[in-house]
Chemist: 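Next up is a structure, given as structure tokens.
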Amino acid sequence: MKKIFLFSLLLNLLLQGYSQRSARTTISLDEARDIFAKDQDAIDELTSNIGYVKDAGNKLDKFVGTWKGIYNNQTYELRLYKKVAFRFNESDLDEVKWDRMIGWITIKDNATGLIVYSNTSKPEKGNGLFGTYFLKGDLYVMSFVGRCYNEAGNLFISTLKSNKNKLRMSFSVNPDLQTKECPGNIKPILPISPQYMLLDKQ
Amino acid sequence: MQLLKITTAFLIFFIFLFSCSKNDTTISPPEFSTISEKEIRVFCDHIEEILLQKMSAQGYLDVSADIKNTSYRSIGAASATYVPLFKNKESGVNIQLILIKYNNKINSVVTVIRPDENWYNDGKNLSEMNGYIDYFASNGSFIKSVRLNGGLNAPSTIELSKSDFLPDLKLRKKIFKNNLNKNLQSSLAVAIGGGSCNSCHGEDPCQGRWGEFGCKELPEVVIPGKPKDPPTVIPPSGPSIPIFPNPLPDNPCNEAKALNQRTEYKNKVNELKGKTGLKYESGYEENKNGTFKALTPSGSTVNSDGLNANVSKDTKGFMHTHQDKYETGENTDEGSVVLIPIKMFSPADVNALMEIVSQNANSSDYSSFYVSMITSNNHYMIKFTGNSSQIKTGFNSTEWQLKYQQYMRSAFNLEKAFLKFIKNEMKLEGVTLFKVKKDGNIEKRMLDNNGTIKKVPC
């Protein structure tokens, strides 16, 4: 009798496990931001079922294209592509799928004509510039990893309300332990928020 | 589809059911046993999956608790219960789970006996064995390895250094496969039979208890007490087998608890909790003598300084903050710009721990070393619970940062993403995540087989 009871209990648990796994939910990029703002323990419970973060309302489309601008006598060219239901590791079915921007950036020094940074030789899934969530309104957050470990942080982009063909861009570094790979006084290659730059749609 | 699910569920259930019931033959433990069959069964059920997984990762395939062949041995005033887990008659490798009741709790250790290749041809007594004994906790985590030179009683029994460990799984497998000497079984059986069984060549003097520690000799059991106490020694009547009470106490857990109870550490935690609103991390280095030294910012010109955490021979651990989200001071058409830091250990944090461990690679116990992370709401520690051959460093590079960002900025459950990252990407075994809860209790946070978080109280 005990075994029958145990059996049905186990069967129930197993089936529940299956149905939970198959019924993963989809949320919007705005909802993703709301979750990130919460305490980790709350996040744990809320999000175990999220399988897809969708660009509800196609808010990302406005960023698609090539953007160019000059800052600190350097020319920045930013190419942004929208990827739908993107996973970094296709074989990891547990990885949350995101609608996100992938960015290709080339920075040229106007004085010397030399390229000071470019991620264009890197693979798409590992180029160091990918989108995450909307921080607020249409202010979009991308993750950027540049020339060394500590040159990593968030890139903030938004189009101006007055002119949708102008892109405002700034960068903020993730606090972390200093690594020997990065010189302690390295100056990030992107404008450090609150400083920012404007780029024109090409 | 639904039918398939149900069938699968049934199948899994029956596998589960029968894998446990194959040993249903009643065991009659000798009188002196204080651990009942039921207790053994419960214990084995409890530990089996994770232990087997870890053991097979060590290269010991086909490990399973052979409860039917459990044997009992009186060791001085105590009695020990030996559950065979694995034996390889060719190589002489023998794994068993040893249980002992100690302070009314069942303590356990898994011993792996690895005799030197040349040993078993000589028909020598076990007490003259040359080789290794590895000790694992019943959850499969490595405790230590001991080199035996000239037998279990030899004074030359020494702690292993890093170079003494077999380097990798492949080598171990190779050793098993290559040791196909047919005479090994009988000669080893003679050897472990205490040398008094010279006439049994070709037979099994241990009658099914093959490969146990000297089936005719009663080993001495050494039970270590608290770290500073001398070990309790139960009167010897044969070669010695140190038995580590486990899972109680669990060293890394106990070290985590002890650290968290120290007034000085607690004060620093409270102080650091007040610094999570800054735009850069703050922290302390603890030296082995117990003193804390403030970590300094790297002095960069950007808005967010890196924190210098340089590892030396004296470093015991680092404690540091991960920041709350903060405004950068910029206002856009959409509102103010806010950076949301990742409130989980970074690759550089993991690297710092591994650097500390690496500085102490020859130590037999790494459980006192730590890196802890304090946020406004949470307090985590990481410790290394692996063995010296699993020590890896070099995670403080751009490549690791890049992969880490891809993992963590895509995930909602940071504990899970972090554990997956160290397992799947860093391929780092033995880094254990501890969460210090608000009530002061500590839990290990681990990934179970389904990839979900398992909370194991310390």
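Just so it is clear, the model here is predicted, and its values are computed rather than measured.
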Chemist: Can you name the closest pair of heavy atoms from P188(A) and V173(A) and give their distance?
Modeler: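 Result for this residue pair: CG-CG2, 3.9 Å.
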Chemist: Determine, step by step, whether N174(A) and D176(A) satisfy the side chain to side chain donor-acceptor pair (under 3.5 Å) criterion, reporting the C-alpha distance in whole Å, the side-chain angles of both residues, the deciding distance to 0.1 Å, and the verdict.
Modeler: CA-CA 6 Å; N174(A) 289 329; D176(A) 204 334; over 6 Å; no
Chemist: When you look at NZ of K293(B), are more than 12 heavy atoms from neighbouring residues, nucleotides or ligands closer to it than 6.0 Å?
Modeler: no
Chemist: Just by distance, do the side chain of D99(A) and the backbone of A85(A) share a donor-acceptor pair under 3.5 Å?
Modeler: yes
Chemist: Give, as side chain, backbone, both or neither, the part of I50(A) having an atom under 4.5 angstrom from any heavy atom of chain B.
Modeler: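 For I50(A), the contact with chain B is made by the side chain alone.
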Chemist: Chain A heavy atoms under 4.5 Å from A309(B): which part of the residue, side chain, backbone, both or neither?
Modeler: side chain
Chemist: Please state whether the side chain, the backbone, both or neither of H322(B) comes within less than 4.5 Å of a heavy atom of chain A.
Modeler: neither
Chemist: Determine which residues belonging to residues 127-142 of chain A lie within contact range of chain B, meaning some heavy atom pair is under 4.5 Å apart, and list them by number or answer 'none'.
Modeler: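 Result: N127(A), G128(A), F130(A), T132(A), Y133(A), L135(A), K136(A), G137(A), D138(A), L139(A).
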Chemist: What part of A417(B) gets within 4.5 angstrom of chain A, counting heavy atoms only: side chain, backbone, both, or neither?
Modeler: neither
Chemist: Is a side-chain donor-acceptor pair under 3.5 Å present for Q74(A) with Y76(A)?
Modeler: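 There is such a pair between these side chains.
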Chemist: Considering residues, nucleotides and ligands other than K122(A), do more than 12 of their heavy atoms fall under 6.0 Å from its NZ?
Modeler: yes
Chemist: So among N377(B), N378(B), T375(B), D324(B), which one has a side chain to side chain donor-acceptor pair (under 3.5 Å) with T276(B)?
Modeler: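 Of N377(B), N378(B), T375(B), D324(B), side chain to side chain donor-acceptor pair (under 3.5 Å) with T276(B) is met by D324(B) alone.
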Chemist: Below 4.5 Å from any heavy atom of chain A, which atoms of N331(B) appear? Answer side chain, backbone, both or neither.
Modeler: backbone
Chemist: So for Q323(B), is it side chain, backbone, both, or neither that comes closer than 4.5 Å to the heavy atoms of chain A?
Modeler: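 The side chain, not the backbone.
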Chemist: Using a cut-off of under 4.5 Å on heavy-atom pairs, state which of A352(B), A411(B), P347(B), P341(B) scores highest against chain A.
Modeler: P347(B)
Chemist: Is the count of non-hydrogen atoms from other residues, nucleotides or ligands lying under 6.0 Å from K108(A) atom NZ greater than 12?
Modeler: no
Chemist: Report which part of K403(B) has an atom under 4.5 Å of a heavy atom belonging to chain A: side chain, backbone, both, or neither.
Modeler: neither
Chemist: At a 4.5 Å cut-off on heavy atoms, which part of R147(A) comes close to chain B: side chain, backbone, both, or neither?
Modeler: backbone
Chemist: Less than 4.5 Å to any heavy atom of chain B: does that hold for the side chain of L93(A), its backbone, both, or neither?
Modeler: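 Contact with chain B involves no heavy atom of L93(A) at all.
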Chemist: Check whether F345(B) gets within reach of chain A through its side chain, its backbone, both or neither, counting any heavy atom under 4.5 Å.
Modeler: neither
Chemist: Picking from S346(B), S397(B), G329(B), which has the most non-hydrogen pairs under 4.5 angstrom with chain A?
Modeler: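 Ranked by contacts with chain A, first place is S397(B).
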Chemist: Tell me if the aromatic rings of F384(B) and F369(B) count as close, with their centers under 6.0 Å from one another.
Modeler: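 So the answer is no for these two rings.
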Chemist: Please identify, among F86(A), W98(A), Y196(A), F144(A), the residue contributing the most non-hydrogen atom pairs under 4.5 Å to chain B.
Modeler: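 Highest number of pairs under 4.5 Å: W98(A).
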Chemist: Would you find a donor on one side and an acceptor on the other, under 3.5 Å apart, between the side chain of N58(A) and the backbone of D61(A)?
Modeler: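 It does not hold such a pair.
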Chemist: Please flag which part of Q195(A) lies under 4.5 Å from any non-hydrogen atom of chain B: side chain, backbone, both or neither.
Modeler: backbone
Chemist: Please flag which part of S376(B) lies under 4.5 Å from any non-hydrogen atom of chain A: side chain, backbone, both or neither.
Modeler: neither
Chemist: Out of I189(A), L78(A), L114(A), which one pairs with I107(A) under the side chain to side chain contact (heavy atoms under 4.5 Å, CB included) rule?
Modeler: I189(A)
Chemist: To check you understand the geometry: which heavy-atom pair defines the closest contact between F88(A) and K125(A), and what is its length?
Modeler: O-CD, 3.4 Å
Chemist: Counting heavy-atom pairs closer than 4.5 Å to chain A, which one of N308(B), L278(B), D349(B), T332(B) comes out on top?
Modeler: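 Of the options given, most contacts go to T332(B).
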Chemist: Taking all heavy atoms of M373(B) and all of M344(B), pick out the closest pair and write down the distance.
Modeler: SD-C, 3.4 Å
Chemist: Taking E443(B) as the fixed residue, which of K454(B), K437(B), K455(B) is the one that meets the salt bridge (charged side-chain N to carboxylate O under 4.0 Å, His left out) rule?
Modeler: K437(B)
